[in-house]
Amino acid sequence: LQFLYKAPSCKVFFSHDPIKIVRAKGQYMYDENGNQYLDCINNVAHVGHSHPIVVKAGAKQMELLNTNSRFLHDNLVQYAQRLQATLPEKLSVCYFVNSGSEANDLALRLAWQYTGHKDIITLENAYHGHVSSLINISPYKFHQLSNAEQSKSVHVALSPDVYRGIYKKDHPDPATAYADDVKNLIHKAHENGHKIAAFIAESLQSCGGQVIPPAGYFQKVAQHVHKAGGLFIADEVQVGFGRVGTHFWAFQLQGEDFVPDIVTMGKPIGNGHPISCVVTTREIAEAFRNSGMEYFNTFGGNPVSCAIGLAVLDVIEKEDLQGNALRVGRYLMQLLEQLKEKHPLVGDIRGCGLFVGVELVRDRVKLTPATAECQDIIYKLKEQHILLSADGPHRNVLKLKPPMCFSEEDVDLVVEKIDQILTGTLKTLCVCLKSSRNHIFVFIIQNAFSIHFDAYLFVCRC
């Protein structure tokens with residue numbers, strides 16, 4: 001029936017052997033046969049699947065009233081106040097919408113109206129949403145299109161990736177180097193008669209491969225963009241609401257001296273309920289109003305959505321989920337670093353809180369992406385009822401962004417299973433090397449497991 005009624009461009013996880021999920025609770029999902037899966041990837045179910053407090057809040061409000069925001073209702077005002085209290089003071093005006101895509105699309109409209117400029121600077125491998133305006137600024141998507149022509153009003157800056165990028169960890173000042181790339185893009189745009197409306201970036205790149213920008217990068221970029229008359233848009237759709245552990249918002253990792261002009265939110269904000277938000281300054285909001293066009297969103301800010309949003313904030317606070325993200329995230333990073341010491345296939349471990357990436361490479365010097373090995377690990381974990389996925393431009397980064405109730409016991413299980421899979425793959429290769437001097441046979445085995453032969457010879461001790 002999926003093939004009959006679902007659009008062919010809509011994909012599913014594990015397409016060779018998809019799972020039919022019928023219920024979920026906390027950090028666990030259950031298939032039609034009652035099998036339990038540990039969910040390591042669902043950052044939408046932020047406080048845990050089917051959280052009773054969130055479910056109850058939505059059901060209770062639905063019994064009373066659900067209507068649009070043209071009527072006054074306490075939920076909207078209370079929710080806006082609660083959200084604003086987590087943000088820097090100048091970010092004080094909320095627009096409630098229904099998805100991360102709607103939020104980012106509105107953010108662009110705010111920037112265009114406020115600045116009177118048109119051009120947008122985005123990052124390599126960025127993804128900001130599925131509507132037309134956002135596909136145009138999402139290299140992660142538009143590079144997949146055959147014969148796609150990049151919009152002349154969109155400028156793509158280098159991803160501030162200190163592992164695989166041009167300026168790596170050993171660079172004396174990668175933040176300035178990557179920010180200077182943005183400065184150069186602005187200069188070239190001006191030479192061609194273009195003006196910058198905004199720079200937009202995920203506070204931590206997710207689809208781009210769990211990339212953590214170097215400290216100070218956003219401040220320096222903001223200086224260049226503001227000087228050019230543009231705004232800075234921080235996309236928190238994937239990484240907000242305490243996921244990074246040390247802070248409530250990922251952009252705050254850059255330091256207290258950095259405040260974006262616009263912040264967009266989505267995914268975790270409603271724990272699976274369709275709600276999102278754009279928060280900006282009073283000045284930018286007033287300029288948008290002065291356009292003469294009223295902004296109205298039928299479902300944005302409705303009483304049920306706001307009740308659910310309030311409940312999510314309550315659970316984050318009452319269950320100390322931000323603190324849990326910090327503690328469990330540090331434990332996860334610690335175990336993964338040990339895994340890196342043991343397995344040459346693990347090239348880099350990076351992350352904050354419960355937003356972690358494991359980049360797999362066949363050669364730690366050349367950084368050859370271990371794409372097939374990454375997919376092999378994902379499918380083998382699925383066989384052991386652990387759900388993980390991969391991303392990045394080469395699809396070689398295992399990404400962990402589980403529900404925030406993830407525990408240290410869950411970490412032990414996931415890392416143990418990854419360790420076993422990596423160890424099993426290496427042992428299989430070593431046995432093959434010992435059992436035959438036939439180079440053709442070894443080559444076939446090498447390709448069957450997609451292992452880079454030379455990278456593993458120095459660790460074989462069997």
Side-chain angles (χ1 to χ4, degrees), residues 1-46 48-50 125 127 130 140-141 144 206-210 238 267-268 271-272 332 336 339 343 345-346 351 354-362 369-403 405-406 410-425 428 447-451:
L1 291 178
Q2 288 275 340
F3 295 106
L4 285 174
Y5 298 107
K6 190 175 181 181
S9 56
C10 299
K11 306 300 182 183
V12 296
F13 283 131
F14 313 106
S15 56
H16 300 304
D17 184 24
I19 310 169
K20 184 178 181 180
I21 296 294
V22 296
R23 66 185 181 92
K25 190 76 171 178
Q27 64 269 52
Y28 302 105
M29 305 181 82
Y30 301 87
D31 69 14
E32 57 187 328
N33 298 313
N35 295 312
Q36 176 180 283
Y37 292 83
L38 178 61
D39 182 1
C40 302
I41 55 176
N42 214 320
N43 61 332
V44 176
H46 192 63
H49 292 280
S50 308
N125 312 315
Y127 175 64
H130 64 81
Y140 179 82
K141 286 293 185 181
Q144 298 175 21
S206 181
C207 292
Q210 313 294 88
Q238 292 267 14
K267 294 189 187 297
N271 210 54
L332 173 60
L336 289 174
L339 207 64
H343 299 288
L345 194 67
V346 179
L354 286 175
F355 181 84
V356 176
V358 181
E359 180 149 1
L360 304 183
V361 295
R362 299 179 183 179
T371 302
E373 295 88 334
C374 196
Q375 296 303 312
D376 185 52
I377 289 171
I378 289 168
Y379 270 87
K380 285 180 177 176
L381 285 173
K382 179 231 179 190
E383 291 171 2
Q384 301 189 54
H385 295 173
I386 296 173
L387 303 181
L388 202 61
S389 65
D391 229 321
H394 306 288
R395 301 282 181 177
N396 68 317
V397 181
L398 296 171
K399 59 179 183 180
L400 294 102
K401 45 187 184 66
C405 51
F406 213 67
D410 297 326
V411 169
D412 287 333
L413 177 63
V414 173
V415 176
E416 177 189 2
K417 295 302 182 183
I418 294 175
D419 182 27
Q420 289 175 359
I421 293 169
L422 290 172
T423 301
T425 301
T428 302
N447 279 272
F449 287 94
S450 304
I451 297 297

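Counting begins at 1 with the first residue of the sequence.
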Q: Flag the pair L38 / F406 as yes when at least one side-chain heavy-atom distance between them is below 4.5 Å, and no otherwise.
A: yes
Q: Report yes if some heavy atom in the side chain of L400 is under 4.5 Å from a heavy atom in the side chain of I41; otherwise report no.
A: no
Q: With the side chain counted from C-beta on, respond yes when L339 and V358 share a heavy-atom pair under 4.5 Å apart, and no when they do not.
A: no
Q | Flag for D391-Y127: side-chain donor and acceptor within less than 3.5 Å | A | no
Q | Value rounded to 0.5 Å, distance of CG in L388 from SG in C374 | A | 8.0 Å
(Q) Run the side-chain contact (heavy atoms from CB on, under 4.5 Å) test against Q375 and tell me which residues pass, sequence neighbours left out. (A) I378, A390, R395
Q) Has Y379 got more than 12 heavy atoms of other residues, nucleotides or ligands less than 6.0 Å from its OH? A) yes
Q) Do the non-hydrogen side-chain atoms of F14 and I19 ever get within less than 4.5 Å of each other? A) yes
(Q) Is it the case that the side chains of N43 and Q238 hold a donor-acceptor pair, with the cut-off being a distance below 3.5 Å and no angle test? (A) yes
Q: Could you walk me through whether Y30 and Q36 pass side chain to side chain donor-acceptor pair (under 3.5 Å), step by step?
A: CA-CA 5 Å; Y30 301 87; Q36 176 180 283; 2.9 Å; yes
Q) Does the side chain of N271 pick up a donor-acceptor pair with the side chain of H49 at under 3.5 Å? A) no
(Q) For N125, give me all partners under side chain to side chain donor-acceptor pair (under 3.5 Å), at least two apart in sequence or on another chain. (A) none
Q: State, to 0.1 Å, how close G208 and P393 come at their nearest heavy-atom pair, and which atoms those are.
A: O-CD, 3.4 Å
Q | Pair K20 + D31: basic N to acidic O under 4.0 Å | A | no
Q: Determine whether the side chains of K417 and Q384 contain a donor N or O and an acceptor N or O closer than 3.5 Å.
A: yes
(Q) So, using side-chain contact (heavy atoms from CB on, under 4.5 Å) as the criterion, who are the partners of E416 when residues are at least two apart? (A) Q420
Q) Just by modelled atom types, is the D17 backbone N or O under 3.5 Å from a matching donor or acceptor in the K382 side chain? A) yes
Q: Could you label the plane-to-plane angle of the Y37 and H385 rings as parallel, tilted or perpendicular, counting under 30° as parallel and over 60° as perpendicular?
A: tilted
